[in-house]
Amino acid sequence: MIRMLFAFSFCLLTTLPTISQGQFVDKTLEYNIQHTYGIGVAGGGISFADFNADGLDDLTLASARNQAIFFFVNTGTGLSRTNLLPELKEEVKHILWVDFDNDGDKDLFITLADNYNRLYVNDGQLGLTDQTLGLGFPQNEYTSFGACWGDVNRDGWLDVYFGLRRIEKDGLSNISKLYLSTGRAFQDATLISGAEDGGKTPFCSSFIDYNNDKWPDICTAHDRKRGNTMLKNNKNGTFTDVSLLTGTDLKMDGMSVSTGDCNNDGFFDIYVSNSEAGNALFVNQGGQSFINDAADKGVAFNSVAWGTNFLDGDNDGDQDLYVSGMLSGAAQINSTYYINQFPLPMYIPDFKIISDTASSFNNAYGDLNDDGYPDLGVINLGLYPSFIFENKGGNNHFVKIKLQGKLSNREGLGSLISIYTGSKNKSDIPSVGSVLWDKIQVLKSSVWAITR
């Protein structure tokens, strides 16, 4: 059994639905981040995470070669830049703040292009020390675009999974790597676990409990029509490739992976970005298989898509969707916000955030002004400036939850939070005095959702 400690804060307001055209407002100038990624392959990552443990979401922006990562502390009234790694000037891809050593502070894991991935240990005062090699990670100078952390064997220590693009460098087949934590170091468990997923073109992976058995499975988006991958956790340290069996092996130009319960049926669905052929929304069929329902639900996008995220932007109890697009200009199909109309089966398509027409690659959400409504950060290609879109909020309720694991990993990553209410009825969910409204898979240590 996994026990958690929960800290709750409530804000009770009058409930109103809907999201308006002005729901998200461009606040880039006010926050004064003055960031551009620079020249690099496929852009870089962006992260909202409370890395100084003061209860407010801070901001981290990747940068390409010859400039340092941009770190911003949330002061409560704005963002203040702090130079945490001034000497690192590599081409940074994914940014993940994670308490891998269960000591109560967030450490930093980054993936790089044409260099080995790095793990920086936090001393509790934001002193970051590179302990990559001492902790057992390789020094192979390949490109990694995406990574994910989760407790694969449920031993209380977080493990990491990432792709390696080797073929462009030395002709070796591309693979993904699984490193298991022992608490003191990491061990390469790729081959013994069956998680190698070789010979494809990995972009991003995500841990997801797709069959609700409480063990983290792995979904990977693969580029260049090599077929996406679903690895089922066998609960014994091994994985089985169930891509074909589950219907997730679609051959596409897969870029990012986002997970969320888009139809409130209690099972997690998967959204994978693609080129003009259309993004995929894999709707979970009771934990057994998936159906690509992107076109019918109005979220196919049909442009050059990259970063994606499920988020409940209006706090109405269902998962909306934000998609970053590479094509720039107001005349192009570019970054789009899709509004979930649950219980109606369709999303409201083509909702545009004013000024969001740059060539965008990645996005993240967090709560910069601590009002319970998720704000958006976007990192763009080349010299396009990065964006901050502030959510003006509304009158719906929300609850914020901070997790602290007792027997699990300290951050509670991989936990499930189920919120029940007397509304948003779903006939196929067994009644327990109330019905499921919102269910969240915890991929970061602080989450928020709505309640009545």
Side-chain angles (χ1 to χ4, degrees), residues 144-150 152-153 159-167 172-178 189-263 265 267-275 277-297 299-300 305-306 308 310 414 441 443:
S144 287
F145 288 108
C148 55
W149 287 80
V152 166
N153 49 11
D159 315 302
V160 62
Y161 189 73
F162 54 86
L164 288 181
R165 302 285 282 267
R166 307 188 301 180
I167 195 166
L172 294 174
S173 295
N174 298 329
I175 59 172
S176 293
K177 301 286 284 185
L178 175 64
T190 307
L191 295 181
I192 194 171
S193 67
E196 181 175 349
D197 193 23
K200 294 187 176 183
T201 318
F203 247 106
C204 287
S205 299
S206 179
F207 286 111
I208 174 177
D209 181 10
Y210 81 89
N211 54 5
N212 284 356
D213 67 354
K214 301 181 182 178
W215 290 78
D217 313 298
I218 304 173
C219 179
T220 301
H222 286 284
D223 194 11
R224 301 176 187 174
K225 299 177 175 57
R226 303 293 173 84
N228 301 322
T229 302
M230 177 70 77
L231 298 178
K232 179 183 177 181
N233 193 327
N234 296 322
K235 311 178 190 178
N236 60 4
T238 68
F239 289 84
T240 298
D241 189 334
V242 293
S243 312
L244 183 61
L245 181 65
T246 58
T248 54
D249 63 330
L250 182 65
K251 292 177 173 58
M252 57 193 300
D253 294 318
M255 305 299 180
S256 71
V257 176
S258 296
T259 62
D261 184 4
C262 72
N263 56 0
D265 68 350
F267 289 89
F268 288 105
D269 312 301
I270 304 167
Y271 192 76
V272 181
S273 55
N274 192 18
S275 59
N279 298 350
L281 175 59
F282 295 107
V283 178
N284 198 325
Q285 306 296 298
Q288 301 298 314
S289 62
F290 293 81
I291 294 176
N292 180 10
D293 208 15
D296 287 344
K297 289 192 179 296
V299 293
W306 285 83
T308 64
F310 283 108
Q441 183 173 26
L443 301 177

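Here the structure is a predicted model, which means the values were calculated and not measured.
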Quick one, Phe203 with Trp306, criterion ring-ring contact (aromatic ring centres under 6.0 Å, His included). Give me CA distance, side-chain angles, the key distance, then yes/no. CA-CA 10 Å; Phe203 247 106; Trp306 285 83; 5.4 Å; yes

How far does [atom1] of [X] sit from [atom2] of [Y], to the nearest 0.5 angstrom?
{"X": "Lys232", "Y": "Asp213", "atom1": "NZ", "atom2": "CG", "result": "7.0 Å"}
{"X": "Asn234", "Y": "Trp215", "atom1": "CG", "atom2": "CH2", "result": "10.5 Å"}
{"X": "Cys219", "Y": "Tyr161", "atom1": "SG", "atom2": "OH", "result": "10.0 Å"}
{"X": "Asn228", "Y": "Thr246", "atom1": "CG", "atom2": "OG1", "result": "10.0 Å"}
{"X": "Cys262", "Y": "Leu281", "atom1": "SG", "atom2": "CG", "result": "4.5 Å"}
{"X": "Glu196", "Y": "Phe239", "atom1": "CD", "atom2": "CZ", "result": "14.0 Å"}

Would you mind reporting whether Ile208 and Pro216 have side-chain heavy atoms less than 4.5 Å apart? no

Check whether any side-chain heavy atom of Phe282 lies under 4.5 Å from a side-chain heavy atom of Ile291, and answer yes or no. no

Verify the distance criterion only: is there a donor paired with an acceptor across the side chains of [X] and [Y] at less than 3.5 Å?
{"X": "Thr229", "Y": "Thr220", "answer": "no"}
{"X": "Ser273", "Y": "Thr308", "answer": "no"}
{"X": "Tyr271", "Y": "Asn279", "answer": "yes"}

Give a yes or no answer on whether the side chain of [X] reaches the backbone of [Y] with a donor-acceptor pair at less than 3.5 Å.
{"X": "Lys177", "Y": "Thr190", "value": "no"}
{"X": "Asn284", "Y": "Asp269", "value": "no"}
{"X": "Asp241", "Y": "Leu231", "value": "no"}

Criterion side chain to side chain donor-acceptor pair (under 3.5 Å) against His222, the qualifying member of Asp249, Asp253, Thr201, Asp197: Asp197

